[in-house]
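Data block below; observations after.
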Amino acid sequence: MSRYRRESSEDSSYDSEEERRKKDIKERDEFASRLKEKDEKKTKRVAVAAESASGKAEAAKRLKLVEEDTKEKIIPKLRIESRRKYLEKRKEDKVAELEADIIDDEYLFGDVELTEKEKRDLEHKKELLRIAKEHEKARELENIQRYRMPLEKGVEEDQYQEREQPQSEQAKWETEQMSSAVYKFGAKDRKAQKEYELLLEDEIDFIQSLQMPGDKKDEVVQKKAEEKKLTTIEETQKSLPIYPFKKDLIDAIRTHQILIIKGETGSGKTTQIPQYLYQNGFCDNDKLIGCTQPRRVAAMSVAARVAHEMGVKLGNEVGYAIRFEDCTSHRTRIKYMTDGTLHREFLSEPDLASYSVMIIDEAHERTLHTDILFGLVKDIARFRPDLKLLISSATLDATKFSEFFDNAPIFQVPGRRYPVDIFYTKAPEADYVDAVVVSVLQIHATQPDGDILVFLTGQEEIETCFEMLNERVRRLGSKLRELLILPVYANLPSDMKVVLATNIAETSLTIDNIIYVIDPGFAKQNNFNSRTGMESLMVVPISKASANQRAGRAGRVAPGKCFRLYTAWAYQHELEENTVPEIQRINLGNAVLTLKALGINDLVHFDFLDPPPHQTLVLALEQLYALGALNHRGELTKLGRRMAEFPVDPMMAKMLLASEKYKCSEEVSTIAAMLSVNGSIFYRPKDKIIHADAARKNFNVPGGDHLVLLNVYNQWQASDYNIHWCYENFIQHKSMKRARDVKDQLVGLMQRVEMDIVSGITETVNIRKSITAGYFYHIARLSKGGHYKTAKHNQTVQIHPSSALFEELPRWVLYHELVFTTKEFMRQVTEIESKWLLEVAPHYYKPKELEDSTNKKVPKVVGRAQKDSTS
DNA sequence: GAGCACTGC
């Protein structure tokens, strides 16, 4: 009680506040320089080559599971129906949410002058809504359209040709290529046609609209077999499309500080360029060549590949660095890393002094980290003329990158791609999961051999589709050739198969031998509402860029075909050119804190390739201020500098640091680790739901979900991290191992920021107070009818049914996250006492806000608090 | 009475 009183009375004098600020900044800088010293002393360990067998074993296991499933499962029709209904319901809810969002925006900001960006956002939302509604309408007409006989050739021509094209390069190319020849399956092969009529009850009409040209001419296609014979590393290297450009490339890099490299996947740029640079003396004076990748697997496998080509052990001259794994040594000259890792490295080496070249690879993917790196490296390049920058991108974005980097020259490298024929449906397909099933069978029955890759939006859909396909295949029986259906991914000999995947297959997963791609045109996308602070996962139409990326997957090994389950008109007019970059869609709390720690104070004017919404930046800054990471001038505080060391959201970082004061850092680090594995702790197989739920209830402890998570971890630890313990208790071992990794890292970082790791308290109040110190933004109180209202925004929310507190309904709760699915749910909920809020965040909560008329105890407490603060 | 696309530190 007296603690916050003291703090608030100190605010009264400006001088003392100014003094406090100066003292804090001084301490902050001293802390930062201590960190730097530590980093300099740190000797890098010599790496051990990572084992790669585990991946193969995993794939083999998965395959086996699939086969067993296929043989034995008989799927009741009812279940399929219920799933589809669920999907339908969810879609309705999402549409309603979007609608409400638009009304909200217009109501709240109707009178306010909107910026261009905000206007565009609103327009975009409206457009989404319109598409979603039309999609609904089309569904009602489904039967009529699905079974319609194909029209005569001339009839639909004008439908596809008359439209005015958008001005993009892509669109122009499309227009040129556009032809409306009607393509029908089986037309070329009478025998197949006959068989197909016999087998399939329904069909989809596709229209071939254009061809995505490959980089290879037909004659080159013939050479494929010869290429495969290449045995020596040198021969393989020389066969890569980038090889003839070696000298030109090196010359260009010597002449220009920044170079944009445009090249398709498969050109060899990722593996070869660092080697060319190494051979040409760019590593003199012990400097490093760095190359960032958006994904961990890519960083690891590319590094392994290059080490092999150079004949060195991985971790010596060639190494990689990803979270939890630093496979580099003092000998390392070529270093592959994830973009997030480089982002972190900036904290200890803001000028990248140890690098002579930095390659930002796969820049077109526009991950949050790459986007921030753009601004940072551009800035560094100005005062480090010796640093070479290569920005490597696979798409037409190259011009945009060039403009951003002061018109840096673009160096083009050809790719290795075969042509892909693109087909569109003639009519809109309402139920695309069903359309996928029909298309797969059509292709399988009538097209030449080749694997089929299907893009779906998520696990639920993949399961539905998997079951439908299996059922249909079984019904058709032996009339159909064997069809192997693999959900997600596999690594198999080239039999005929269908791969059902999410957009993981767009980039990060290489599946050999794909000839056919089926693209329904949707993906799930995470969106962050900066006004309510709520995230939602919605099924949205993909962008043209993404559609072309998907089509490209068909042309990796031979000429391919891509079947789009939408019309050519929809492609032209309904799809955005590019996916909205991540930086404009997500919560930027952590990113803003890191930038502040790098000394970038004016974030609003930071050089972003595409700036995030102003509102999102403001929210992030406000939150950091409330957490004490920034002072009233917006400068980073010592607390903020310490928070920035943790690779977690600012609220969680604050929670971790607060645990020092409450003497429970051990417990809180565990809770943080468990929270960051993202809801995948409890395993809930569909056929054992009752057992799984019972097992879960056994972990319940008073207080709430955070403490349940702690309990789970502690019991697992007590079992000596036993895998069987996990099976028995319906806990996912994989997630637990990850939680252990995260915990170890967090504990290491806690020591790094000079915290003591302490534990041993028997009651939970201190643990819950630490959590509250970080998450005082996320508070809700019980109101009438079992609903909760959030403390600051008065938003109606509910406890998620999976929570341990679902039936308890405490008066005050803290939640880890707010998600919109069927309702606004709080996930990971813990009971707190409102007076704690005054203790941990006196600047944010005033006693009056915490008054509670429904409870007799609370007014007494509040009354005391008020007396204290006014006396 | 529920449903987490995909990355990453």
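Within every chain, numbering begins at 1; the chains are lettered A, B, ... in the order of the sequence lines, protein sequences first and strands thereafter. Scope of the values below: all heavy atoms of this structure, side chains included, with no hydrogens, waters or symmetry mates.
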### Query
For B:dC9, does either OP1 or OP2 sit under 4.0 Å from a side-chain N or O belonging to A:Arg296?
yes
Across all chains, not counting sequence neighbours, the salt bridge (Lys or Arg N to Asp or Glu O under 4.0 Å) partners of A:Glu817 are A:Arg827
Rounded to whole Å, the CZ-P distance (A:Arg585 to B:dC6) equals 14 Å
Whole-Å distance, A:Phe682 CZ to B:dA2 P, equals 19 Å
What nucleic acid atoms does A:Ile322 come within less than 4.0 Å of, heavy atoms only: base, sugar-phosphate, or nothing? sugar-phosphate
On DNA chain B, more 5' by nearest nucleotide between A:Arg344 and A:Arg827 is A:Arg827
Does a side-chain N or O from A:Thr341 land closer than 4.0 Å to OP1 or OP2 of B:dC9, or not? yes
Testing B:dC9, B:dA2, B:dT7 for proximity to the side chain of A:His800, the answer is B:dA2
From the candidates B:dC9, B:dA2, B:dA5, the one with an atom nearest any side-chain atom of A:Lys524 is B:dA5
To the nearest angstrom, the CD-C1' distance between A:Glu345 and B:dC9 comes to 12 Å
Could you check, using the six-membered ring where one of them is a Trp, whether A:Tyr775 and A:His816 have ring centers closer than 6.0 angstrom? yes
Sorted by chain and number, sequence neighbours left out, side chain to side chain contact (heavy atoms under 4.5 Å, CB included) with A:Asp649 holds for A:Asn590
Between A:Ala321 and A:Phe806, whichever has its closest DNA chain B nucleotide further toward 5' is A:Phe806
Rounded to whole Å, the CZ-C1' distance (A:Arg366 to B:dG8) equals 17 Å
A:Arg752 CZ to B:dC9 P, in whole Å, measures 16 Å
Any side-chain N or O of A:Thr338 below 4.0 angstrom from OP1/OP2 of B:dC9? yes
Rounded to whole Å, CD1 of A:Ile689 lies from P of B:dA2 at a distance of 13 Å
- Message: By the 4.0 Å heavy-atom rule, please label A:Phe646 as base, sugar-phosphate, or nothing.
- Response: nothing
For residues A:Lys789 and A:Ser783, is any side-chain donor paired with an opposing acceptor at under 3.5 Å?
no
Rounded to whole Å, the CZ-C1' distance (A:Arg696 to B:dG1) equals 13 Å
>> Quick check on the 6.0 Å ring-centre criterion: do A:Phe522 and A:Tyr432 meet it?
In response: yes
Between CG of A:Leu456 and C1' of B:dC6 the distance, given in whole Å, is 15 Å
